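Keep in mind that what you see is a predicted model, and the values were worked out from it rather than measured. Chain A is the first sequence line, chain B the second, and so forth, proteins listed ahead of strands; every chain is numbered from 1.
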There are 2 protein chains.
Amino acid sequence: MAQEIPNNIFCQHDHRGCRATAMRGARAACRAANLRLTPMRARVLEILLESHKALGAYDILARLRAEGRSSQPPIVYRALDFLVSNGFAHRLERLNAFAACAHAEDRHQPMFLICESCHQVAEAPLDRLGQDIFARATKLGFQARSPVVEVSGLCPACQGDGEQ
Amino acid sequence: MAQEIPNNIFCQHDHRGCRATAMRGARAACRAANLRLTPMRARVLEILLESHKALGAYDILARLRAEGRSSQPPIVYRALDFLVSNGFAHRLERLNAFAACAHAEDRHQPMFLICESCHQVAEAPLDRLGQDIFARATKLGFQARSPVVEVSGLCPACQGDGEQ
DNA sequence: GGGGGTATGTTATAAAATAACAATAGGGGG
DNA sequence: CCCCCTATTGTTATTTTATAACATACCCCC
């Protein structure tokens, strides 16, 4: 069923398994690195994993509140800080929003494809492009640390729709 | 005096001339394209051109107010919208800030080098990297429209400073 | 079972952006 | 010249995103 486009969440896939794998991976990684995936942090990650859309911090906050946890912005931002700094989630700069990491298991530089129509976000490895960006920066005398690559456009499913 | 690193504003350069050229270019481009570079828009562009740092909308607002123009956020945002959509300025997504365009004369895809120490922002042409990003997106079935590439790091002058 | 570090809870506020509507300015056609 | 149309600027209020500062609770280790 899943199309043969690697690393692309736009295609049909077993999302339940996708979520479960990610959560298991995160738990394992935390155990290995002696990080504490507390209930709060785990819950925020689960919420991010529910879809491949990016969520604003206040969207997550609303979800937590709907679940009865009294919650305030700093709580969400702190959980997100944890998830982002340990590679379990990413911040999308163009959207001021966050998405679960699709490949937390390997250390990678991500590149994001953001569908302007359905708002899904796919993460692809930057690979050689990242090296090329570093090389270009170096040639300009700049010591690059962290590159952000975010591409807006239309995902496979939304192309041809009259831009709904 | 200016080093031989092309398209790089980090090196010493005649900034007065840099500014004047950019303003002249913008005026000419507006005349050619029948766009109105009104006093307000021109002033905002001048403010952006005063340095190669990115300015937040509210920094610009404060400048305008200091000059006696009564001004409110929408005025600044509208001027910035004009400048950005016509290629005279860019928005830096990572910084929620704006910088004058260094190469408004040619239509290009920009890449930004952001110094974490002195906060100067250099704009380099994305060139082939942009095409590579498009190609990668296409291979994943994604129809790319606008790529954002922003690299944080250290500019030539700030490397070796113990990170001040 | 007390102490120190980490995490969460709470209040308040800062920073960035936009909605909605009013007033005004410029520019072509009568 | 004047009127109308449109683009721009002005103003008020509000929304959205993010953080500062400090209190409380939790947990592991000794």
Checklist outcome for this item: Between CZ of F98(A) and P of dT16(D) the distance, given in whole Å, is 17 Å
Checklist entry - Would you say the side-chain atoms of S152(B) and R94(B) include a donor-acceptor pair closer than 3.5 Å? => result yes
Item to check | Distance, rounded to the nearest Å, where N86(B) contributes CG and dA7(D) contributes P | outcome: 14 Å
Item to check | Minimum-distance nucleotide (side-chain atoms of R91(A) versus dT11(C), dA18(D), dA20(C)) | outcome: dA18(D)
Item to check | Selected nucleotide, minimal atom distance to P74(B) side chain, candidates dA19(C), dC21(C), dA16(C) | outcome: dA19(C)
Item to check | dT16(D) OP1/OP2 closer than 4.0 Å to side-chain N/O of N96(A) | outcome: no
Item to check | For atom CG of D81(A) and atom P of dA20(D), their distance in whole Å | outcome: 11 Å
Checklist entry - Can you check whether H13(B) and H52(B) have ring centres sitting under 6.0 Å from each other? => result yes
Checklist entry - Starting at the 5' end of DNA chain D and moving along, which residue's nearest nucleotide shows up first, A97(A) or Q72(B)? => result Q72(B)
Checklist entry - dA22(C) P sits how many Å from R78(B) CZ, rounded? => result 14 Å
Checklist entry - Between dT11(D), dG26(C), dA18(D), which nucleotide gets closest to the side-chain atoms of S70(B)? => result dT11(D)
Item to check | Any donor-acceptor pair under 3.5 Å from R41(B) side chain to F82(B) backbone | outcome: no
Checklist entry - Roughly how many Å is it from CD in E93(B) to P in dT17(D), rounded to a whole number? => result 14 Å
Next on the checklist: From CG of L83(A) over to P of dT8(C), roughly how many Å is that when rounded to an integer?
Outcome noted: 10 Å
Checklist entry - With respect to the phosphate group of dT18(C), does any side-chain polar atom (N or O) of Y77(B) fall under 4.0 Å of OP1 or OP2? => result no
Item to check | Residue whose closest nucleotide on DNA chain C lies nearer the 5' end, L95(B) versus R36(B) | outcome: L95(B)
Next on the checklist: For dT9(D) and T38(B) - does any side-chain N or O of the residue sit under 4.0 Å from the phosphate oxygens OP1/OP2?
Outcome noted: yes
Item to check | Quiz item: Y58(B) side-chain donor-acceptor pair to dA14(C) base, under 3.5 Å | outcome: no
Item to check | Passing candidate, side-chain contact (heavy atoms from CB on, under 4.5 Å) with V76(B), options L55(B), L61(B), I47(B), D59(B) | outcome: L61(B)
Item to check | Distance, rounded to the nearest Å, where L37(B) contributes CG and dA7(D) contributes P | outcome: 18 Å
Checklist entry - With a non-hydrogen cut-off below 4.0 angstrom, is R69(A) in contact with a base, only sugar-phosphate, or nothing? => result nothing
Next on the checklist: If the cut-off is 4.0 Å, is R41(A) near the phosphate of dT8(C), judged by side-chain N/O to OP1 or OP2?
Outcome noted: yes
Checklist entry - Is the H90(B)-F112(B) ring centre distance short of 6.0 angstrom? => result yes
Next on the checklist: What is the distance, to the nearest angstrom, from the CG atom on L55(B) to the P atom on dA15(C)?
Outcome noted: 15 Å
